[in-house]
Amino acid sequence: MDRLRRDFYRRSTLTVARELLGQRLVMVVDGQRLSGLIVEVEAYIGEDDAACHAACGRTPRNGVMYGPPGHAYVYFIYGMHHCLNVVTEETGFPAAVLIRALEPLEGLEIMRRYRPSRPDRELTNGPAKLCQALAIEMGFNGVDLCTGEVLFIEEGRMVAQEEVGTSPRIGIKADELAMSVAWRFYLRGNAFVSR
DNA sequence: TATACGATCACCT
DNA sequence: GGTGATCGTATAC
């Protein structure tokens, strides 16, 4: 399978978010592939987006978002969870796509070990859940998804426009504009989309 | 140095 | 549908 190249990420964040649906996120653990189809994402775009981590300017925490496209932005939240984003647009402009849910494809046995006593449907149907299932933590913040051998994104399957649903982003507290724009994209009817 | 809170989840009712 | 867990950040003092 072909790896997504940097030009894919160096585009409008909404375009990248929409086109990430149906691609395959891959993590290699001890030579074993853990992977899943991306079925739900959210776009966070620039310092003018009140819900974006860059809304208050650049800090050590969000610095990766200001860097070159095609890198992983991983952050720690609520004292116990990790979330994975991919950096988009030109270097210097802070924007990223949050990966919210996957449909598991490879390495289910290992994912079940990382998320014990959970039904398969709940392995990767949330941004922090998929990080736990794929063993993604702060060590992956800033890694290059275009050249790395451990964490990367491959071409998946084609997604028809009619298959794509949109909605406001989930779980954010910000101004009215940020809370109302439909910057969440998901595959309609997919069992692994969160709620 | 101190404090408030969050791009969530799990478990309870 | 409501709430507690739990701690790194950002911001204020």
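Any value given below was found using the heavy atoms of this structure, including those in side chains, with hydrogens, waters and symmetry copies removed. Chain naming here is simple, since letters A, B, ... match the order of the sequence lines and numbering starts at 1 in each.
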Judged by nearest nucleotide, the residue sitting upstream toward the 5' end of DNA chain C, A/His81 or A/Cys56, is A/His81

Once you round to the nearest 0.5 Å, how far does CD of A/Glu103 lie from CD of A/Glu40? 13.0 Å

Rounded to the nearest 0.5 Å, what separates atom CZ in A/Arg24 from atom CZ in A/Arg157? 11.5 Å

Nucleotide nearest [X] when distance is taken to its side chain, options [options]:
| X | options | value |
| --- | --- | --- |
| A/Asn85 | B/dA7, B/dC9, C/dA10 | B/dA7 |
| A/Phe76 | B/dA7, C/dC7, C/dA10 | C/dC7 |
| A/Ala128 | B/dT8, C/dT6, C/dG8 | B/dT8 |
| A/Met80 | C/dT6, C/dA10, B/dG6 | C/dT6 |
| A/Leu98 | B/dA7, B/dC9, C/dA5 | B/dA7 |

So, is [X] close to the [N] phosphate, meaning a side-chain N or O under 4.0 Å from OP1 or OP2?
| X | N | result |
| --- | --- | --- |
| A/Lys173 | B/dG6 | yes |
| A/His53 | B/dA7 | yes |
| A/Arg118 | B/dA10 | yes |
| A/Arg100 | B/dT8 | yes |

Considering every strand and a 4.0 Å limit on heavy-atom distances, what is the contact class for A/Arg61: base, sugar-phosphate, or nothing? sugar-phosphate

Counting any heavy atom closer than 4.0 Å, what does A/Ile172 reach on the DNA or RNA strands: base, sugar-phosphate only, or nothing? sugar-phosphate

Hey, does A/Lys129 have a side-chain heavy atom less than 4.5 Å from the side chain of A/Leu123? no

Determine if A/Tyr78 stacks with C/dA5; use a centre-to-centre distance below 5.5 Å and an interplanar angle below 30° as the criteria. no

Do you know which two heavy atoms are closest between [X] and [Y], and how far apart they sit?
| X | Y | value |
| --- | --- | --- |
| A/Arg188 | A/Gly165 | CG-N, 3.9 Å |
| A/Tyr114 | A/Leu34 | CE1-CD1, 4.0 Å |
| A/Val87 | A/Pro68 | CG1-O, 3.6 Å |
| A/Cys146 | A/Tyr9 | SG-CE1, 3.8 Å |

To the nearest Å, give me how far apart [atom1] ([X]) and [atom2] ([N]) are.
| X | N | atom1 | atom2 | answer |
| --- | --- | --- | --- | --- |
| A/Met179 | B/dG6 | CE | P | 12 Å |
| A/Met65 | B/dA7 | CE | C1' | 10 Å |
| A/Gln132 | B/dC9 | CD | P | 10 Å |
| A/Arg121 | B/dC9 | CZ | P | 16 Å |
| A/Arg115 | B/dT8 | CZ | C1' | 11 Å |
| A/Asn62 | C/dA10 | CG | C1' | 11 Å |
| A/Glu40 | B/dA7 | CD | P | 16 Å |
| A/Ile99 | B/dA7 | CD1 | P | 17 Å |

Taking only the C1' atom of each, what is the distance from B/dC5 to C/dT3 in whole angstrom? 16 Å

Any stems for DNA chain C, made of 3 or more Watson-Crick or G-U pairs in a row, each with both distances under 3.5 Å? B:1-6 with C:7-12, B:8-12 with C:1-5

Given A/Phe76, A/Tyr75, A/Phe140, A/Tyr73, the one that forms ring pair (Phe, Tyr, Trp, His ring centres under 6.0 Å) with A/His82: A/Phe76

Classify the side chain of A/Tyr75 and the base of B/dA7 as holding, or not holding, a donor-acceptor pair under 3.5 Å. yes

